[in-house]
Amino acid sequence: LYIQEGARATVIMDALPDRELEGTVSEISSTASSQQGVVSYPISVRLVVPQGVELREGLSATASIIIREELNVLLVPLQTLYGTFEQPLVRVWSNGRAEDRAVTLGNSDDFWVVVREGLVEGDQVVMEAQTTTTGGFGGGAGGAFRGLTGGFGGRGGGGQGQR
């Protein structure tokens with residue numbers, strides 16, 4: 001199971017459209033329920049209610065549970081990877097040309113992947129453009145550059161990237 005008791009959560013409520021409440025997973029049911037072939041396990045989230053806010057019973061809410069978070073890591077889009085699963089590569093723009101560079105990867109979501117080794121902040125990763133061209137990676141229309149920066153707060157669940 002990816003979700004564990006004590007995991008951080010953010011909660012949005014229609015009754016408080018301008019606020020995001022913090023909470024933690026306080027209970028995960030061990031008994032599954034099934035509806036139209038979809039199996040689910042009820043989860044309880046204990047909210048931290050700010051002073052001056054009163055919540056009435058029966059209000060609906062949407063919780064995003066953070067299942068994984070990494071800070072200050074380098075990220076590249078998944079589309080920049082090629083090579084094999086065992087030996088992933090990226091193309092880096094260096095000295096006026098694109099060169100292949102082996103990388104060691106970490107966690108990923110549906111768009112980004114953490115690069116543990118092989119790149120440093122400031123490297124420019126070459127990514128193929130969506131349009132078809134006759135040129136290759138020469139820095140022309142066939143390639144695009146993406147500079148690397150740190151500060152990833154990846155989140156899991158909820159459907160917002162890693163959130």
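Heads up: numbering here begins at 1 and tracks the sequence.
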Distance col, row I65:CD1 vs I3:CD1, nearest 0.5 angstrom, shows 4.0 Å

Can you check side chain to side chain contact (heavy atoms under 4.5 Å, CB included) on L119 and V76, steps first, answer last? CA-CA 10 Å; L119 295 176; V76 295; 3.8 Å; yes

Contacts of V49 meeting side-chain contact (heavy atoms from CB on, under 4.5 Å) (sequence neighbours excluded), chain-then-number -> L47, V53, L55

(message) Are R116 and N107 packed together at the side-chain level, in the sense that at least one heavy-atom pair is separated by less than 4.5 angstrom?
(response) yes

*Determine whether T10 and L21 make a side-chain contact, defined as any pair of heavy atoms from C-beta on separated by less than 4.5 Å.*
no

Residues at least two apart in sequence or cross-chain that pass side-chain contact (heavy atoms from CB on, under 4.5 Å) with S44, listed by chain then number, are S26, E27

Between the CZ atom in F111 and the CG atom in L75, the distance rounded to the nearest 0.5 Å is 10.5 Å

Sequence neighbours excluded, the answer for side-chain contact (heavy atoms from CB on, under 4.5 Å) partners of T84 is E86, Q87

Contacts of S33 meeting side chain to side chain donor-acceptor pair (under 3.5 Å) (sequence neighbours excluded), chain-then-number -> S40

Here the gap from E5 atom CD to R46 atom CZ, rounded to the nearest 0.5 Å, amounts to 10.5 Å

Exercise. Do V45 and L59 sit in the same hydrophobic cluster, where Ile, Leu, Val, Met, Phe, Trp and Tyr count as joined when their side-chain heavy atoms come under 4.5 Å apart?
Worked result: yes

Those residues at least two apart in sequence (or on a different chain) that pass salt bridge (Lys or Arg N to Asp or Glu O under 4.0 Å) with R101 are E99, D123

With a 4.5 Å limit on heavy-atom distance, are the side chains of S94 and Q124 in contact?
-> no

Between L81 and the options V113, V125, V115, the side-chain contact (heavy atoms from CB on, under 4.5 Å) test singles out V113

d(L16 CG, E54 CD) to nearest 0.5 Å is 11.0 Å

Besides L89, the hydrophobic cluster formed by Ile, Leu, Val, Met, Phe, Trp and Tyr side chains linked at under 4.5 Å, directly or via other members, contains Y82

So OG of S108 and CG of L78: to nearest 0.5 Å the spacing works out to 5.5 Å

Any side-chain heavy-atom pair from D110 and W112 closer than 4.5 angstrom? no

Tightest non-hydrogen contact, residues A63 and V11, listed as CB-CG2, 4.0 Å

* Heavy-atom side-chain proximity of V126 to V92 below 4.5 angstrom -> no

